[in-house]
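Notes follow once the structure below has been shown.
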Amino acid sequence: MRLTPRIEENVPELPEVEVSRRRLAPMLIGRRLSEVSTSRPSRFFITDPRRLRERLPGRVVLDLVRRGKYLLVVLDDGSSLLLHLGMTGQLLCAGCSNPRLLLGGERVGERVAERAAERAAPPWPGFSPDQHTHLQLGFEDGGPAILFRDVRRFGRVMLVEPGEEVARLLRLGPDALEVSADQLWQASRGRRRAVKSMLLDQSVLAGVGNIYADEALFRAGVRPTRRAGRLRRQECEALAAALRQVLERGIETGGSSVDDFVAPDGSDGSYQTEHLVYQRDGQPCQRCGRELERVVVGGRSSHYCPSCQR
DNA sequence: ACCGCACCCTGAGCGC
DNA sequence: TGCGCTCAGGGTGCGG
């Protein structure tokens with residue numbers, strides 16, 4: 001019995017953003033930007049899109065850095081282009097053999113992207129930017145362009161000036177891939193909030209979203225509703241280990257398809273079948289057989305096994 | 001100081 | 001068939 005409607009998979013969390021960074025880096029580093037086009041000003045653009053079109057052309061990409069779920073495109077004048085993919089953000093390569101998915105937002109979006117691709121049109125062969133394509137980066141060498149598409153516009157784009165302090169980056173806690181048991185222990189002391197809320201709090205640890213939080217909590221045997229302050233030392237250790245495990249596995253499975261075209265319907269799917277609890281409420285726990293449950297914590301749906309997680 | 005929650009946004013899926 | 005309603009999610013900002 002499914003209590004919640006099927007929603008999009010592949011919401012970009014740390015592993016998806018990291019895979020995206022690895023795929024994108026060789027396509028960006030060393031190239032000089034030329035034409036840059038954007039959609040209309042909206043909340044999507046923290047920096048006015050007209051300024052992006054004015055400032056970006058001529059810049060050379062030096063590096064591509066990830067901080068939590070953010071990507072920073074480091075440019076040769078000391079500025080950086082900050083990208084956040086929100087829920088449905090996608091980075092696409094236009095001008096590659098296929099409109100290659102560099103990072104998947106939701107599958108639905110891919111289907112739309114495919115349909116748009118079938119209509120095939122300039123400015124770049126293989127993909128015609130649609131109404132959801134908000135940023136297009138063209139390069140002086142005339143090679144593949146990079147597109148940022150985002151159906152729900154929860155993503156963000158910002159130009160960071162040389163030396164500029166960016167509050168939203170300064171707020172970030174340690175990267176979730178490197179968070180230690182001790183850091184979780186310290187962060188949780190005296191806190192009454194649910195541990196699930198703590199894991200989603202980017203100022204405590206950066207990069208974890210709803211899917212990996214649920215999966216890590218299951219593997220650590222901790223119920224999402226548990227008060228953070230009630231965690232025992234040993235549970236913080238289990239959580240830190242579980243986080244590293246699921247995030248690294250996420251990167252591996254995402255990374256394993258780097259060289260393959262991602263099927264529009266996501267049917268290659270070695271990936272979503274690895275979720276042990278996420279969106280599996282009503283199904284039997286793969287460890288103990290008990291029916292998995294769903295509860296809302298901090299306004300986010302959480303999935304857990306009432307037997308395995310205490 | 002801490003924490004929960006509404007808000008933003010869109011499309012899928014459902015009921016009627 | 002088609003309309004209208006609900007819901008999901010990340011991050012921010014506000015109110016308690």
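Labels below follow one simple rule: chain letters A, B, ... track the order of the sequence lines, proteins then strands, and each chain is numbered from 1.
The pair A/Arg50-A/Glu54 fails the salt-bridge criterion, with no side-chain N (NZ, NE, NH1 or NH2) lying under 4.0 Å from an Asp/Glu carboxylate O.
Listed nucleotides C/dA8, B/dC8, C/dG10 differ in distance to A/Arg43; the shortest reach to its side chain belongs to B/dC8. Listed candidates were C/dT12, B/dG11, C/dG10. Nearest to the side chain of A/Glu13 is C/dG10. The side chain of A/Arg153 approaches B/dT10 more closely than any other nucleotide in the set B/dT10, C/dG10, C/dT12. Comparing C/dT12, C/dG10, B/dT10 by their nearest atom to the side chain of A/His132 picks out B/dT10. Ranking C/dG11, B/dG11, B/dC3 by closeness to the A/Arg152 side chain, first place goes to B/dG11. Set against C/dA8, C/dT12, B/dG4, the side chain of A/Arg171 has C/dT12 as its closest nucleotide.
Along DNA chain B, the nucleotide closest to A/Arg193 and the one closest to A/Arg300 are compared, and the more 5′ of them pairs with A/Arg193.
In this entry the distance linking CD of A/Gln90 with P of B/dC9 reads 19 Å, nearest Å. The distance between atom CZ of A/Arg149 and atom P of B/dT10, rounded to the nearest whole Å, is 13 Å. Remark: C1' of C/dG9 and CG of A/Asp150 are 11 Å apart, rounded to the nearest angstrom. A/Arg192 has its CZ atom 15 Å from the C1' atom of C/dG16, to the nearest Å. In this structure, A/Arg227 places its CZ atom 16 Å from P of B/dC2, rounding to the nearest Å. The separation between A/Phe44 atom CZ and B/dC9 atom P is 13 Å, rounded to whole Å. Protein atom CZ of A/Phe154 is 13 Å distant from nucleotide atom P of B/dC7, rounded to whole Å. Regarding A/Leu200, its CG atom lies at a distance of 14 Å from the C1' atom of B/dC3, rounded to whole Å.
Among the protein residues, A/Gly209 comes within range of the sugar-phosphate backbone only, with heavy atoms under 4.0 Å from sugar or phosphate atoms but none that close to a base. Using a 4.0 Å heavy-atom cutoff across all strands shown, A/Arg156 reaches no nucleic acid atom at all. If you check every strand for non-hydrogen atoms under 4.0 Å, A/Tyr70 touches sugar and phosphate atoms only.
A/Arg31 contributes no side-chain N or O that, together with a main-chain N or O of A/Val61, makes up a donor-acceptor pair within less than 3.5 Å.
The aromatic rings of A/Phe45 and A/His134 lie perpendicular to each other, with more than 60° between the two planes, well past the 30° mark.
For the side-chain contact (heavy atoms from CB on, under 4.5 Å) with A/Phe218, the lone residue among A/Arg223, A/Arg287, A/His303 that qualifies is A/Arg287. Among A/Asp150, A/Leu147, A/Leu137, A/Leu85, the single residue meeting the side-chain contact (heavy atoms from CB on, under 4.5 Å) criterion with A/Leu91 is A/Leu85.
Side-chain nitrogen and oxygen atoms of A/Tyr278 include none within less than 4.0 Å of the OP1 or OP2 phosphate oxygen of C/dA8. When the side-chain nitrogen and oxygen atoms of A/Ser301 are compared with OP1 and OP2 of C/dG9, one or more of them lie within a distance under 4.0 Å.
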- Message: As a quick check of understanding, evaluate side-chain contact (heavy atoms from CB on, under 4.5 Å) for A/Asp77 and A/Arg55, giving each step before the final call.
- Response: CA-CA 10 Å; A/Asp77 65 348; A/Arg55 290 284 310 280; 3.5 Å; yes

- Between A/Phe139 and A/Leu33, does a side-chain contact (heavy atoms from CB on, under 4.5 Å) hold up when you go through it step by step? CA-CA 4 Å; A/Phe139 295 89; A/Leu33 287 157; 3.5 Å; yes

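Residues A/Glu13 and A/Leu247 form no side-chain contact, since every pair of their non-hydrogen atoms from C-beta on lies 4.5 Å or further apart.
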- Dot-bracket notation for DNA chain C, counting Watson-Crick and G-U pairs under 3.5 Å, with | for partners on another strand: .|||||||||||||||

